Amino acid sequence: MPEEVANSEEAKKDAPARPARRPKIEDPIMDFSAYRGILIVVEQRAGTAKSVSWQLLGEAKRLAQKLDAPLMALVIGHNVEPLASEAIERGADRVYLCDAKELKDYRTRPYSRVCLHVIEQAKPEIVLMGATYTGRDLAGAIATHLPTGLTADCTQLDVDENRLLLASRPAFSEKMLATILCKQYKPQMATARAGVFMALPRDPSRSGEIVRVAPQMNPEEIATEVLDFLRETGRVNLEDAEVIVAGGRGLGGSAPFALLKELADALGGVVGASRVAVEAGWIDHDHQVGQTGTTVRPKLYIAAGISGAVQHPCRHAAF
């Protein structure tokens, strides 16, 4: 026997015995048959709902009709009962309303406790919220505690014949869409970008049920306190703009953006920009339009010096 082989065999004999392989622990089989319907978490600030919430409610109405399931909404805050009525006018069949002074300002723990309580009671098969700073924070906290899967920053939503949520979002540096499914757990959760879906018009003739929900934490249990908001003035609002005048690489520098600003002011609009222009330092990131910036839905979009990336309307326009 060759020496190296013999030494190898001796080493195996002297080596400590390997511990027995631990048996694989399978997740317990959970029964989600009672889960039915779609729940939209309405985001609000100072009693005014974020437009993405109504946009999601409109898209969820279409999905709920495909599923033949109820459409629900959850409104949390203080003095926000008018938003519960508006949610019904915009398509919700049932609205869960948690109105309390200590919930005036968003904080993760008290808001997530209310959401978890409502999800446990209502048992929705799908939960959707906006991909805003607040929505991303709240959705992540909820999904972790349930636990369930969460698809973030979606631009397309649909359901299949097995009642699975088809949540699609940009992937691989925005070059393609990835459709993500959560097959084993409910509720299926996703956040979606603003400006992607269409909100339904208000219908005052609609009727629905408003279910009042108590806060799930006492004020003294809330560890954080909001003292004040430092509101940033002069911030561009691309999300709700009806007219956008956008500039890109072809402008060659920051100076031409002053001309775009004059045109935007004359049209009652705002100035947008491509990612290249922002990364070059010609204009602030707040002005960036596109998949890595703000998804917009203006009535008029004027592009100057933008080469035609897929996320800019000029890519598909004929002049």
Side-chain angles (χ1 to χ4, degrees), residues 40 42-59 83 86 90 129-136 153-157 169-170 174 191-202 229-251 253-319:
I40 304 298
V42 177
E43 182 182 342
Q44 58 84 27
R45 174 70 63 83
T48 301
K50 288 281 189 178
S51 58
V52 65
S53 297
W54 302 140
Q55 293 164 9
L56 270 176
L57 197 61
E59 180 67 6
L83 294 183
E86 184 174 355
R90 291 186 180 272
M129 58 187 73
T132 61
Y133 293 117
T134 296
R136 291 186 180 104
D153 214 24
C154 295
T155 56
Q156 293 181 15
L157 296 170
R169 52 153 298 155
E174 316 287 334
T191 61
R193 294 183 182 181
V196 175
F197 305 111
M198 289 288 291
L200 295 175
R202 298 181 67 167
F229 280 103
L230 300 179
R231 305 186 185 278
E232 185 176 355
T233 59
R235 185 183 178 95
V236 63
N237 183 12
L238 287 171
E239 182 180 320
D240 299 322
E242 295 188 350
V243 177
I244 297 176
V245 182
R249 187 201 306 268
L251 294 183
S254 58
F257 277 94
L259 296 176
L260 299 190
K261 178 70 163 58
E262 291 182 17
L263 177 57
D265 290 344
L267 297 174
V270 297
V271 175
S274 68
R275 182 174 66 178
V276 174
V278 170
E279 291 180 346
W282 299 343
I283 194 168
D284 292 337
H285 182 270
D286 291 344
H287 295 266
Q288 185 172 325
V289 174
Q291 292 180 339
T292 52
T294 301
T295 304
V296 298
R297 189 185 290 272
K299 293 180 179 178
L300 173 63
Y301 185 90
I302 299 175
I306 295 178
S307 60
V310 293
Q311 59 264 38
H312 286 274
C314 59
R315 170 70 159 72
H316 309 283
F319 298 98

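This one's a predicted model, so the numbers in the text were calculated from it and none came from an experiment. Scope of the values below: all heavy atoms of this structure, side chains included, with no hydrogens, waters or symmetry mates.
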* Taking only residues two or more places apart in sequence, or in another chain, which ones meet Ala304 in a side chain to side chain contact (heavy atoms under 4.5 Å, CB included)? -> Leu251, Leu260

* Structure fact -> Interatomic distance, CD@Gln156 vs CZ@Arg169, rounded to 0.5 Å, equals 13.0 Å

* Partner residues of Glu262 under the salt bridge (Lys or Arg N to Asp or Glu O under 4.0 Å) criterion, sequence neighbours left out -> none

* To do: I would like to know whether Trp54 and Leu83 meet side-chain contact (heavy atoms from CB on, under 4.5 Å); could you show each step before the answer?
  => CA-CA 10 Å; Trp54 302 140; Leu83 294 183; 4.3 Å; yes

* Hey, could you give me the CD1/NE2 distance between Ile244 and His287, rounded to the nearest 0.5 Å? => 11.5 Å

* Taking only residues two or more places apart in sequence or in another chain, which ones pass side chain to side chain contact (heavy atoms under 4.5 Å, CB included) with Thr191? -> Met129, Ala131, Ala139, Leu150, Ala152

* Structure fact -> Applying salt bridge (Lys or Arg N to Asp or Glu O under 4.0 Å) to Glu43 and not counting sequence neighbours gives none

* Taking all atoms of both residues into account, what is the closest heavy-atom pair of Leu56 and Ala192, and its distance? -> CD2-CB, 3.7 Å

* To do: With sequence neighbours left out, write down each residue that passes side chain to side chain donor-acceptor pair (under 3.5 Å) with Glu59, or none if nothing qualifies.
  => Arg62

* Asked: Passes side-chain contact (heavy atoms from CB on, under 4.5 Å), Val243 versus Val270? Steps please.
  -> CA-CA 6 Å; Val243 177; Val270 297; over 6 Å; no

* Asked: Can you tell me how far CD of Gln288 sits from CZ of Arg275, rounded to the nearest 0.5 angstrom?
  -> 7.0 Å

* Ala277: partners by side chain to side chain contact (heavy atoms under 4.5 Å, CB included), with sequence neighbours left out -> Phe257, Ala273, Ser274, Trp282

* To do: Check side chain to side chain contact (heavy atoms under 4.5 Å, CB included) between Arg249 and all other residues, then give those that pass, not counting sequence neighbours.
  => Val276

* Output all residues satisfying salt bridge (Lys or Arg N to Asp or Glu O under 4.0 Å) with Asp284, sequence neighbours left out; order by chain, then residue number. => none

* Partners meeting side chain to side chain donor-acceptor pair (under 3.5 Å) with Gln44 (sequence neighbours left out) -> none

* So, do Leu57 and Val42 sit near enough that their side-chain heavy atoms are less than 4.5 Å apart? -> no

* **Donor-acceptor pair, side chain of Gln55 and main chain of Gly195, under 3.5 angstrom** => yes

* Could you grab the distance from atom CZ of Arg202 to atom CD of Glu86, nearest 0.5 Å is fine? => 3.5 Å

* Asked: For the side chain to side chain donor-acceptor pair (under 3.5 Å) test, which of Thr132, Thr155, Asp153 pairs with Arg193?
  -> Asp153

* Interatomic spacing from CD1 in Ile302 to CG in Leu263 - rounded to 0.5 Å -> 5.0 Å

* Structure fact -> Those residues at least two apart in sequence (or on a different chain) that pass side chain to side chain donor-acceptor pair (under 3.5 Å) with Ser51 are Glu239, Asp240

